[in-house]
Participant: 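Take this structure, written in structure tokens, and hold onto it; I'll ask about it next.
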Amino acid sequence: MQSVPDLGHGVGLRRDHYERVLTAPTRVDWFEVISENFMVEGGRPLHVLERVRRDYPLVLHGVSLSIGSSDPLDPDYLDRLAALARRVEPAWVSDHLCWTGVGGHNAHDLLPLPCTEEALTHVASRIEQVQERLGRQIALENVSSYLTFAGPALPEWEFLSEVARRADCGILLDVNNVFVSAQNHGFDPETYLDAIPPERVWQLHLAGHSDRGTHLLDTHSRPVCDAVWELYRSATRRVGAVASLVEWDDEIPEWDVLEAESERARALRAESLAPGCGAPP
Amino acid sequence: MSGPPLPTLRELQTLFWKLISAPEGVEAGADELRRRGELAPGALEALVRGDARLDAAGRLDVYADMYFYRLRDCLAEDYPKLLERIGPERFHNLVTDYLLAHPSSHFSLRELGRALPAFAASHALGADFPELACLARLEWARVDVFDERDFEPLDRDTLLERAGGDAGFGFGLAASTRRLRLRADALARWREPGAEVGPEPREVEVLVWRRDFGVYHRSLEADEARCLDALAARPLGLAELGEVLARELPEETAPEDAGARLAALLEVWTSESLLRAG
């Protein structure tokens, strides 16, 4: 298993904050960017990306790899991702354990996979192809889900762990997604965390969600809630010092608000990992 | 693992896609599939677990809503003037029709709206909003040049110096430009969606371009439009460009006036960062 650096505490870089990030120092250690937003020919996005890269470590986080789709992998997409990775030399490349389209159509959404043996074999084989094409291991993130498929299946945490083991890839553990899915499907989020092999966790994600009455929705439009902070504390005790990142994609606040969320993660992680707090050695 | 088997991954994803992209929602989409014999009674409930909070269709509807609203919001971001002109309800319906005809097939949302101008040209809304397609073409051109490939723009002095010292030196129009011919009322409605316009639709030549990180557009005189089209087709030398311009000017134009017009155009184009070498 590849060893990845602890990048510290970062945030997702979004257009609303480009100017702020380029013109003054920040307290964040690193940025994550949505890969597809920078698979373009030129203009401001790439200019900003290269400027930011001069001062900070970057991680490329994709939303369209569609690793679980039954369509073939998109060679054009992989070529562009490989080119972007060569250009910005990210600390790592990640995407989601999901599918985003089928039959040549793209839903631009993170759709749930059945946790079956068929899906497991399919996904693990495709991750291997992607890793070979990119010449590096990738990390995959657990997504929030709003439904469970009927029929025989593994629990999601076993599915994720087994995918990572078979494909020899990293895990981007989204603590908010664990919480949202736990609430939507009625499982204990600690059970999920217990099952994830800590040595495969490269990164933790934090975000806010919305309560829609019948379900929680992963909106990335609000501060991280207390219950998710508590789960984050619990996750850091299990996985140790791995990079953490706050995502905020809708109703994006002023920079200071986002930065304060990242600082809160920094403080909580330090507290969790302090000697005597049950953290791994 | 226990219980009856699921359909294959391919079958499951194909059905899932049909249901979440159904324009009237999952229930109506499932009804339609049942009518066509593509979904057996009870098959939806056998596929997705429902509970007291949300039944199977309700859980799929969460994805159906996310699918539609994400794409609608993306198109609203690319076509803000169109949205303002026709209003949210008509825009919602236009997007519904558009996604049925042109579901996204690209990995990037950036490409989602590419076919909207052509689609708008034949949409029924055009009866009430005849400038609809032209407004869409203008907005898409502005989206399209925003992240076009970068280039080193020619400044006027460099252009004249290189053209003077090298008879083979040519220059062309940068990739981050688009040439359009639009109804004049589309330009007026872009500036002010509620603008009063005359009853006679007049067409105007338009240039859209990016300078640094800003996107701009303006209307063109006919001679300027022809010269820019020639420069977009292939690099031209200064003399060749002069010949293109001469063909557009009145026959009686004095050579010094033609030269002054060419100099004025070059001054404008270089100040707008429109030209590239070779």
Participant: Once you round to the nearest 0.5 Å, how far does CG of B:L109 lie from CG of A:N37?
Facilitator: 8.5 Å
Participant: Quick one: does B:L12's side chain get under 4.5 Å of A:P114's, heavy atoms only?
Facilitator: yes
Participant: By a 4.5 Å heavy-atom criterion (distance strictly below it), what part of B:L112 contacts chain A: side chain, backbone, both, or neither?
Facilitator: neither
Participant: With under 30° as parallel and over 60° as perpendicular, where do the rings of B:F213 and A:H47 fit, or are they tilted in between?
Facilitator: tilted
Participant: Highest number of heavy-atom pairs under 4.5 Å with chain B: which of A:G62, A:S64, A:P155?
Facilitator: A:S64
Participant: What part of A:H122 is in contact with chain B, defined as an atom under 4.5 angstrom from a non-hydrogen atom: side chain, backbone, both or neither?
Facilitator: side chain
Participant: Based on non-hydrogen pairs under 4.5 Å, which of A:G103, A:G101, A:S69 is most in contact with chain B?
Facilitator: A:S69
Participant: Between A:D74, A:L110, A:D71, A:L65, which shows the greatest number of heavy-atom pairs under 4.5 Å with chain B?
Facilitator: A:D71
Participant: Checking B:V62 against chain A: side chain, backbone, both or neither under 4.5 Å from a heavy atom?
Facilitator: side chain
Participant: With side chains defined as the heavy atoms from C-beta onward, is the minimum distance between B:L71 and A:H108 less than 4.5 Å?
Facilitator: yes
Participant: Please examine the side chains of B:F107 and A:D76, heavy atoms only from C-beta on, and report whether any two atoms are closer than 4.5 Å.
Facilitator: yes
Participant: For B:A46 versus A:A150, what's the shortest heavy-atom pair and its separation?
Facilitator: O-CB, 3.1 Å
Participant: Just so I understand: if I count every heavy-atom pair under 4.5 Å between each of A:R80, A:E118, A:E36, A:H185 and chain B, which residue has the most?
Facilitator: A:E118
Participant: Given heavy-atom pairs under 4.5 angstrom as the criterion, report whether the side chain, backbone, both or neither of A:L113 touches chain B.
Facilitator: side chain
Participant: Do side-chain atoms of B:E148 reach the backbone of A:E41 as a donor and acceptor pair under 3.5 angstrom?
Facilitator: no
Participant: Please check if the side chain of B:Y63 supplies one atom and the backbone of A:Y146 the other of a donor-acceptor pair under 3.5 Å.
Facilitator: yes
Participant: What is the minimum heavy-atom distance between A:A107 and B:Y67, and which atoms define it?
Facilitator: O-CD1, 3.6 Å
Participant: Pick one of side chain, backbone, both or neither for B:L99, based on which atoms fall under 4.5 Å of a heavy atom in chain A.
Facilitator: neither
Participant: Ignoring hydrogens, what is the shortest heavy-atom contact between A:G43 and B:D150? Give both atom names and the distance.
Facilitator: N-OD1, 2.7 Å
Participant: Nearest 0.5 Å, what's the OG-CD1 distance between B:S108 and A:I34?
Facilitator: 11.5 Å
Participant: Any salt bridge linking A:R44 with B:D147? Criterion: basic side-chain nitrogen under 4.0 Å from a carboxylate oxygen.
Facilitator: no
Participant: Measuring from atom CD of B:Q13 to atom OG1 of A:T100, what distance do you get when rounded to the nearest 0.5 angstrom?
Facilitator: 9.5 Å
Participant: Need one label for A:S66: side chain, backbone, both or neither, based on atoms under 4.5 Å from any heavy atom in chain B.
Facilitator: neither
Participant: What part of B:S21 is in contact with chain A, defined as an atom under 4.5 angstrom from a non-hydrogen atom: side chain, backbone, both or neither?
Facilitator: neither
Participant: Measuring from A:H105:NE2 to B:K18:NZ, what's the distance to the nearest 0.5 Å?
Facilitator: 10.0 Å
Participant: How far does CG of A:L46 sit from CZ of B:R149, to the nearest 0.5 angstrom?
Facilitator: 13.5 Å
Participant: Whether B:E77 and A:R15 form a salt bridge (side-chain N of Lys/Arg under 4.0 Å from carboxylate O of Asp/Glu) is what I want to check.
Facilitator: yes
Participant: Would you say B:R49's side chain and A:L147's backbone share a donor-acceptor pair under 3.5 angstrom?
Facilitator: no
Participant: Can you tell me how far apart CG (B:L54) and CZ (A:R212) are? Round to the nearest 0.5 Å.
Facilitator: 12.5 Å
Participant: If you tally heavy-atom pairs under 4.5 Å against chain B, which of A:G104, A:S145, A:G186, A:P112 wins?
Facilitator: A:P112
Participant: Looking at A:P45, A:S70, A:G68, which has the largest count of heavy-atom pairs under 4.5 Å with chain B?
Facilitator: A:S70
Participant: Would a 4.5 Å heavy-atom cut-off, applied to side chains only, mark B:R10 and A:V102 as touching?
Facilitator: yes
Participant: Is any side-chain heavy atom of A:L217 closer than 4.5 Å to a side-chain heavy atom of B:M66?
Facilitator: yes
